[in-house]
Every structure is written in structure tokens, then in C-alpha cells.
Amino acid sequence: MKLIKQTGLFLFIASFLLFLSILFLGSFQLTDEGFNQIVKSEHQEILAEGFSDIIGKEYNLSFGIVNDINAAIEAINNEFKTAQAWNQIIYDDYTASLVRVAAKGTVAENSILFFLLTLVLGSIGALMYIIPDSKLSGAAGIKNNGIFHKALNNRGWLGIMIGTFLITFYILLYFFPAYITNWIILVQPLQSLINPAATSSQWFLYGLLYTFAVLVMGIRMIIKYRHSNYQIIRTISVMFFQLSFAFLIPEILVRLNQPYFDFKNMWPLDYDFFDAWHIKMLTSSGGLGIFMFVWGITLFVIGVPALTYFFGKRWYCSWVCGCGGLAETAGDPFRQLSDKSLKAWKIERWLVHSVLVFALVMTIAVVYNFITGTHSILGLDTYTYLRKPYGFLIGSIFSGVVGTGFYPLMGNRVWCRFGCPLAAYLGIVQRFKSRFRITTNGGQCISCGNCSTYCEMGIDVRWYAQRGQNIVRSSCVGCGVCSAVCPRGVLNLENRDEKDRLNEPLLIGLQTEKEQ
Amino acid sequence: MKHIVILGNGIAGITAARHIRKKSDYKITVISGESEHFYSRTALMYIFMGHMKYEHTKPYEDWFWIKNRIELMKEWVSEIDFSKKQLQFESGQTLVYDQLILATGSVSNKFGWKGENLKGLQTLYSLQDLENMEENSKSVKRAVIVGGGLVGVEMAEMLHYKSIDVTYLIRENHFWGNVLQNEEANLIDHHLIHDHHIDLRHSTELEEILDDGKGHVAGVRTKSGEIIDCQFVGLTVGVSPNIQLVKNTALETERGILVDDFLKTNIPDVFAIGDCAQLRNPQPHRKPIEAVWYAGRMMGETVAKTISGNETAYRPGIWFNSAKFFDIEYQTYGQVPNENSAGLSSFYWESKNKKACIKIVFNEASKIVMGINTMGIRQRHEVWDEWLEKNRRLDYVIEHLGKANFDPELFKRYEPEIQQAYNYEFPEMPIKTSKKSFLHKVLNK
């Protein structure tokens, strides 16, 4: 068993290192054909001169060709700017596509092999490392042994390294995808399998890695909490929704010439749902497209209040949502790193509700634009002043770079807690109109602190438990881990009558309390 | 302004301080030599096992004490001058009080065994003990734990975490013999032995601790003469009130500091609460000394009322307690003696996998339920409190057992099995077994 575990770890590390080194393998050579295929005809002549040195040249690293292409396009654009020929400036992002067609050599030619050696072998290695724990870790039960003694889980060198890697990965993914062209090529075989007509993009790569992470780490989660049916079923739920709703179904829809659509994502997390291009895409895609549009609206208008009333926001955040899915699986080793201080709670409330307001304002502007057919509101260009900053600050930096990149540093729910506008909306419903609460059990709390420590949302659960008060908090995603780690059986997630939900603190114990 | 000084920053002292602050504007000073801030003593094991860091065991953030004007002093008290109402600290400083609350807690028992002061032997009560254990458990292959109670099993789990083999000596013929009845104790024994490979020795008493010649533990000898080699000995044979400081003073003590119904000692303006207090007239269903978290908390709350001007007698309600033995949680409500005395009978049910059981003790004649021990099934405190208060009969309790279930959603529910077992055992007073509809379950009605 131990041998399997160690072999697994070795395989995982080896495939991870190979995955990293792939970025430096192979070469890039842009041909005339490739250039003409990618660059729009109206730009071909303009760019021909600048590209004369690039075309045909063999680059060993993506950095070289990326930099040269960027420089060539920028040079032309600068000329236009000097000449004040604003309408001629090239805004198309050619770099990633050009680098993609220029790729050749080892990776491009052996993408299946490399795919197997990295992602598949890495997953197998990870599973070999994880699955023996079902025997090695002994009897089922809460196993947080050594969490704060480990470099991975306690912001040690390993945590910092993984954080650095994730942050770098997100920055490259969102802003410099051309540099990770080899990774994108790597997933082409799988992309072709799902949809032969499609070319893999950085988003397909991301979706695939994300799904692998949720599935592999989901198995880890199930093994770790194998004594708890709630955790097992919940984890299977997020694994299912990630694999089907978030990853496969949208890809299959595209293959069937339908709009790409994630049926479980919704506004305002899906912040461009009401963008004119999106509405047009859906409404012009026939019956299914219209259904998608109506479904998307129904989900947040009726689905959120109704389901949150009965079950709390957990029905979404820790059972369905993709961000939640990653947090509850890949992020589980880091849940103890969330800040429990009162100060953090204050920051959280300001921040998350500000993002909700931002999303709301942006959406109002966008819908106004769609209805009136304009591009600005109150004289301000909607794209420049709302959509672009939102997409950059919230959509990319907050949810991705910070939200996931900071898992090993600030815990696994940074985005859900501080940034997600949908979580804010669900939270408002949960706080004011829901049957959900975490019940504290009479007077049994011993203030040990396990609940607060392992609350990924940074709720100081103990504060409530030790004074005999139900926990009714807008941020609680109902993961159930506080209840699982409690050594005295004090906490329980319940949907009950609303009447006694916001109770006065009452610790059972003294006779006098009851008489008074 | 009246100055309330509280000696001890455990759950009793801190609860008193918090409640006095809520109800009054008095000056409050809390003194402890052990730690600067209140931390949860019950969580010591989790620090050792890396589940938490020390800071996580502090129930209140550090600003809380400043905001609530509760002054904290990290000092050891060397003497109390009751006539001058003055504390003398080891540092040489003194402090004058108007009213003093003694909440000094417990000390771990040692019964004068030969070798009980050797290096490598320790008890587990305080932060300092925890530090010692970090040190003492280094390069240990086998450890011996003496004393089958709550702290002993915690220590076993802690050593287990460090992959140290544990031999566990228990004087009684099953675990926690002075509290648990045979059947539920056997379930725990089984868990310790089969799931966690603890070398459990029943009916085994310690004779002496052996010296390796350099003042360090080398092994133990049992009363039957067996020698067990080990490099660590954990003594967990209970606790006693920590009254060293006041033993030969005007303060009346017995095993603990004697207090009346209002938690007042024999000296005016001096109170005692928590583990160190011994009630002169405990209620029939409670003991004079109850060294548990909950009693400390309730006494703290009660004394705060008295000090803030609302004279209140200490009236604990129905007994409850809980613990966790490795992976199995234990809860108890009401009176479950370790052996049924005359007139009492019990109903016992155990799951097939030996991970869950309930033991309900009732009055044979009236069938009124006296109390419950449960392992592996969480019970709702509120419901049991009410049932015991209202003298519910066994059939009523079993029929409504589902109402008392506090296990997380989607957990296997044992009530149907339990009810079936009950109907088989008590055909003379059968109950209806009701199955809940799926919708009822989902909505937790």
C-alpha cells in the first residue's frame, strides 16, 4: 500500500515536471500559409512587411515568436497612431492563433503521447497516492492529523510554491495564452474526440484541468470523509455537475451547432449573460437558444429564492457550483487557512456586496444598451467603463488569480467569500428568508475551535455554538464540515421552521434559566 | 468602583468575568499563570495532533478583553491574604480585591507510585504539560498510559498520531469503568483494540515505574508483576481540585474549596467555582465536585449573577456530558450509573458494525426513563432535557427517538432498528414504528 502511494507520488511529480517542461519543448515556425489562414485579408498586406522576418524563422521557445509577433503588430499600430489613422489600428488578437499554427515538433506531433504522459499519468499518479489512504489512514473518521504540521496545508514552502504556480498559471491563462500554446495543443486530441471540428483553446485546456482537479480531488474528499454520507453525496454532486454541466454538455452543444451553455451557471456569476452579443447569440439559435435564455433568467429569478428558502444557499454553493466544486475538492486541504477574525468579516461584507452592486450596475447598463441599441449610458461607454473593468478586475483577477491562486495562502473560498456576486445574492436570501440554519446542540459546546478552524468561509462558528445560538450567516455555504469536525456532536445543518431560527442565545444547563 | 478579581482564566473564571461585565460596571481582573489568554483546555490534544494551532483554541480574539475592559494578568499567585483582601504574586507584586473568585481548576492525580517523578512520565492538563509531551514523546517506541478515562484515551490518540505503540492499563474490567456500563464500554474497548490497535490491558494496575538508571522512565511493573518496557508513561488517573494555594488558610476546604448554594466560601467576599469548588449541599442528582467544562461554565454564570447583585443559587439542571473516543462520539443525558442499582433496568441496542449504541436506563416499576448513554449517534440535547424533565416513559422515548436524533442529514438512521429491537424485548408495551416520507426527510420536518 505504502509502495503504491509512493509510486503514485513519484508518477504525479514526474508528470507534473514533464507538463511544465512541455512549455519549453518543440519549436515554432510560421509559414505563409499559416499567416494567411489566421490574419484577416485586410490586414495581410499591412502586416506583410513586419512579418517578413518572422515567417519562415524557426523559434525554439514560444517566448521568442510571441515577442516578435507582438512587436511587429505594435510597430504597425504605432505608425497608425503617429499618422492619427485611428480606424486602421489592428485590435484583433492574432498572437495566440499565430503561435498556435506555427507550433511544430515534438509536442505538436506527439500530442496524444504527451497528453497521456502528463494529464492522464498525473491523474493516475494522484489517484495512486490518494486511494490507499482509504486503508492506510485507519478507521473512518475525522482525519485532520498533522494539518498544521505540514508544509502544504499551513502556508509552508510547498503551499507557497503551489500558490505561486497557480497564480502564474492564471495570469498566463487569462492574459498571455500564447505563451502556453504547447499546453493548449496538448489537449487537442481530447477536444477532437468531443468535437472533431473544434480547435482547442486555453478555455478548453482550463476546463479540462479544472474537471480533472475536481474529479481526482473529489475522490480524495470522499475517502477523507468516508464516514459521512452528507460529505460523500455532496462531493459526488459537485463532481457530477462539473463533469457534465460545466464541461461535457457545453462542448457537446457546440458540436451540435448549439450555443455554448452551462445550464447551472447563472447571472450574476455569469456576468455577461445579458451582454448584447450573448442575448443575440441565444435568441438567434432557435428553440434551444431561447430555452437557454429563459432558463438562465428563471434560475436566478425563481430558482435562487425558492431553493434557498428551502435548503439555504448550499443547494448551489456547495452542491452545484463549479467554483464551489473546485473549492470543496481541490481546495479542501486549505480550508483551515481562511481568516476568522471579525475584521475579515467586515471586509468580506463590504467587498462582496460591492461586487454585487458593480455587477448590478453593469447589467442595468448593458440591458439598457441592448434595448436602446446604444453603447453608452449617461455619456459613458459601457465597455470601457463597466464591462472591461469588471471582466478584468472581477472576472479574471478576483475569481481566478486571487480566487484560486491564493488557495494555499488564504483558504479555498476567497472568491466565494469576498468576491462572488451570486454568493452575495444567495446570501441575502439565506440570511433573511430561509429555513436553513446550523443548529447548536443545547449546552454541549466545549469551545474547542475545530468548527471555526475548518470553516472555509471564515465564520467563527464557535462564537455562536458556545453561547447556544443558531448560526444564521449569509456567507455559510453549508459544506457541513463544522458539523463533521465537532467532537461533541454540537452542530447540525438543518432546514426547519423559520420561527425559531434566529433564536436568542440559550445554553441548556441551569434550571434557573428555564424558570425565568 | 468594586474590584472583582478572578483567579484562573479557564471556562469557569472567564464565564464569570464575561457575565459580570454584561451585568455591571465593576473593575474586573483575571489572573492566570498558565496562559495570557483564555484557551480551550479541551482542545489541547488537537494542538498536539496538528488539527489546530494554539491560537485557534482561543475562543475570543485578543481585542475582546480590551473592548470589554477585562484586565488580564499573567502571574502566579504565591499567597492570598484574606484579611487584607490582597493577592501576593511570585513576581513580588500585589493586588487588592473587593471580591475574589477562585477558579483555580484541577491538578492531575498522582498516587505516590514509586518512580512517578521520573523523566518521561507526565500527566496532561495544562499548556505546560502539552509542551512537555512534545518533548517527552520524541524517539519513543512504546508508551504506557495508566488510567481508563477521558484524558487517557485522548493521550492514546495523541501518541497514536506520532506512531507510538500504546499499552493502556485500566484498573477496571472495561474502559471508564466508573462511568460507563459494561456494554457500551465494551464497544469502546473494541474500537480501541480493533480499529486503533491499542494494547488494552483490563483489570491491570500499576505497581511502580521503572528507572533506566539515568532518571528516565524505562518501563512499568504491574501489580501482577509483569514488566512492560516503555519510554513514556502517561498518568491519567483523574484530577483533584487545585487547592494547594489555600490549603492551610482560613478558607475551609475538604477535597475542594467548600462552597454553599451561592458558591460562597466561608470567607466573606470569596467565592469558588469550577473544578476547584466542592458543593456543601449538592442536589440529589449532582455530585459535590464536578470537574467538567459545563459545570464550570454554569457556576461562572451563576456567581456572576450573585456578584452583580442578583443573589442566585447554583441550580444545575439535568446532567449531560459528551466526549469522543478516537472516532466514536459519546453523549449522555440524565442518570446512567455504571451499574444498574436496585429498581433500575435498561434497554441496550448496538449496531452490527459495533460503531453505534444506545443505553437507556429506566425505573423498573414506573418505566420512567432516568438517562441515556449513546455512542456514535448524536442526540438532541433540548429534546432529552425535556423528556427527562417530564419523566417520560421508556415506550414514549423509544417511539419518539427520531425526534432526538441530531446526526447530520443523509446519515443512516438507526431508529427503525432500535424500535424493532425494543418491540422484541418489551412485547408487553409495544410502540408504533413510523417511517418518514422522503419529503419529510429532505425538509427535516
Side-chain angles (χ1 to χ4, degrees), chain A residues 138-142 144-150 154 227-234 310-311 336 340-342 435 439 441-444 446-450 452-454 460 462-463 466 480 483-497 507-515, chain B residues 11 39-40 42-43 46-47 49-53 56-61 63 160-161 191 194-197 293-295 297-298 301-302 305 312-318 320-324 326-329 331 378-382 384-385 389 406-412 442-445:
Chain A
I142 284 302
N144 286 322
N145 289 351
I147 292 275
F148 282 99
H149 298 158
K150 286 178 191 159
N154 188 27
H227 63 294
S228 165
N229 265 352
Y230 183 77
Q231 298 302 336
I232 292 171
I233 295 169
R234 191 174 65 81
F310 284 109
F311 303 110
Q336 65 282 355
K340 316 302 187 303
S341 66
L342 193 64
R435 293 159 57 87
T439 311
N441 198 8
Q444 290 277 23
I446 50 165
S447 303
C448 70
N450 274 296
S452 294
T453 305
Y454 288 93
D460 191 357
R462 166 174 55 192
W463 174 272
Q466 68 190 358
S483 163
V485 297
C486 176
R488 304 283 180 131
V490 174
L491 301 159
N492 202 4
L493 280 59
E494 296 189 291
N495 315 308
R496 282 163 76 104
D497 201 346
L507 286 166
I508 295 176
L510 289 167
Q511 286 178 2
T512 43
E513 272 174 9
K514 264 187 287 176
E515 283 155 17
Chain B
I11 179 65
Y39 77 96
S40 179
T42 48
Y46 300 113
I47 303 175
M49 294 167 65
H51 293 208
M52 285 189 273
K53 294 201 261 189
H56 296 115
T57 67
K58 293 197 276 188
Y60 301 92
E61 289 184 66
W63 53 257
H160 205 255
Y161 164 61
H191 182 55
H194 291 272
D195 295 332
H196 294 285
H197 315 293
W293 179 272
Y294 312 115
R297 187 183 71 204
M298 293 189 286
E301 200 180 325
T302 308
K305 283 182 188 158
T312 306
Y314 176 58
R315 289 281 177 263
I318 285 154
F320 65 94
N321 200 3
S322 56
K324 192 174 180 186
F326 279 86
D327 304 312
I328 297 184
E329 287 173 23
Q331 288 185 344
R378 293 177 174 178
Q379 296 290 310
R380 201 179 287 270
H381 191 168
E382 192 188 342
W384 272 102
D385 203 55
E389 184 85 12
F406 200 68
D407 272 343
E409 296 152 299
L410 307 174
F411 269 45
K412 181 179 164 60
V442 170
L443 298 176
N444 250 357
K445 273 182 181 163

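The shown structure was predicted, so the numbers you read here are calculated from the model rather than taken from an experiment. Reminder, nothing fancy here: chain letters follow the sequence lines and each chain counts from 1.
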Margin query: Please give me the minimum heavy-atom distance between B/His51 and A/Tyr454, naming the atom from each residue.
Written below: O-OH, 2.7 Å
Checklist line | Max heavy-atom pair count under 4.5 Å with chain B, selected residue of A/Ile446, A/Asn229, A/Asn450 | finding: A/Ile446
Next item on the list: For A/Phe310 and A/Asn495, run side chain to side chain contact (heavy atoms under 4.5 Å, CB included): C-alpha distance rounded to whole Å, both residues' side-chain angles, the deciding distance at 0.1 Å, then the answer.
Entry: CA-CA 7 Å; A/Phe310 284 109; A/Asn495 315 308; over 6 Å; no
Notebook entry, point to check: Between B/Met49, B/Arg378, B/Lys324, which residue shows the highest count of heavy-atom pairs closer than 4.5 Å to chain A?
Noted result: B/Arg378
Notebook entry, point to check: When only pairs under 4.5 Å are counted, which of A/Arg462, A/Gln466, A/His149 shares the most heavy-atom pairs with chain B?
Noted result: A/Arg462
Notebook entry, point to check: Any chance the rings of B/His56 and B/Tyr46 have centres within less than 6.0 Å?
Noted result: no
Notebook entry, point to check: Which bit of B/Glu61 comes within less than 4.5 Å of chain A, counting heavy atoms only: side chain, backbone, both or neither?
Noted result: side chain
Next item on the list: Just do the side-chain hydrogen bond (donor to acceptor under 3.5 Å, both in side chains) check on A/Asn492 and A/Thr439 with the steps written out, would you?
Entry: CA-CA 5 Å; A/Asn492 202 4; A/Thr439 311; over 6 Å; no
Check: Counting heavy-atom pairs under 4.5 Å to chain A, which of B/Thr42, B/Ile11, B/Asp195 comes out on top?
Finding: B/Thr42
Margin query: Quick check for you: among A/Gly449, A/Ser447, A/Gly141, A/Gly442, which has the greatest number of heavy-atom pairs under 4.5 Å with chain B?
Written below: A/Ser447
Note to self: List the residues meeting side chain to side chain contact (heavy atoms under 4.5 Å, CB included) with B/Ala295, not counting sequence neighbours, and say none if there are none.
What the structure shows: B/Glu290, B/Val292, B/Tyr314
Item checked: Side chain, backbone, both or neither of A/Ile232 within contact of chain B (heavy atoms, under 4.5 Å) -> neither
Check: Under a 4.5 Å heavy-atom cut-off, does chain A meet the side chain of B/Trp63, its backbone, both or neither?
Finding: side chain
Item checked: For chain B, the option from A/Asp497, A/Asn145, A/Val485, A/Ile233 that forms the most heavy-atom pairs under 4.5 Å -> A/Asn145
Note to self: If I measure from the heavy atoms of chain B, does A/Lys150 come under 4.5 Å with its side chain, its backbone, both, or neither?
What the structure shows: neither
Item checked: Rounded distance [0.5 Å steps], OG in A/Ser228 versus CZ in A/Arg234 -> 8.5 Å
Checklist line | Closest contact, heavy atoms only, A/Tyr230 versus B/Phe411 | finding: N-CE1, 4.0 Å
Check: Side chain, backbone, both or neither: which part of B/Tyr39 has a non-hydrogen atom closer than 4.5 Å to chain A?
Finding: neither
Next item on the list: Output all residues satisfying side chain to side chain contact (heavy atoms under 4.5 Å, CB included) with B/His196, sequence neighbours left out; order by chain, then residue number.
Entry: A/Ala139, B/His160, B/His191, B/Ile198, B/Phe326, B/Asp327
Next item on the list: In sequence, state the C-alpha distance, the side-chain angles, and the governing distance for B/Ser322 and B/Tyr294, and then conclude on side chain to side chain contact (heavy atoms under 4.5 Å, CB included).
Entry: CA-CA 10 Å; B/Ser322 56; B/Tyr294 312 115; 2.9 Å; yes
Next item on the list: Answer with side chain, backbone, both or neither: which region of B/Asn321 has an atom nearer than 4.5 Å to a non-hydrogen atom of chain A?
Entry: both
Next item on the list: Heavy atoms only, distances under 4.5 angstrom: which of A/Ser483, A/Ala140, A/Gly443 has the most pairs with chain B? Name it, please.
Entry: A/Gly443
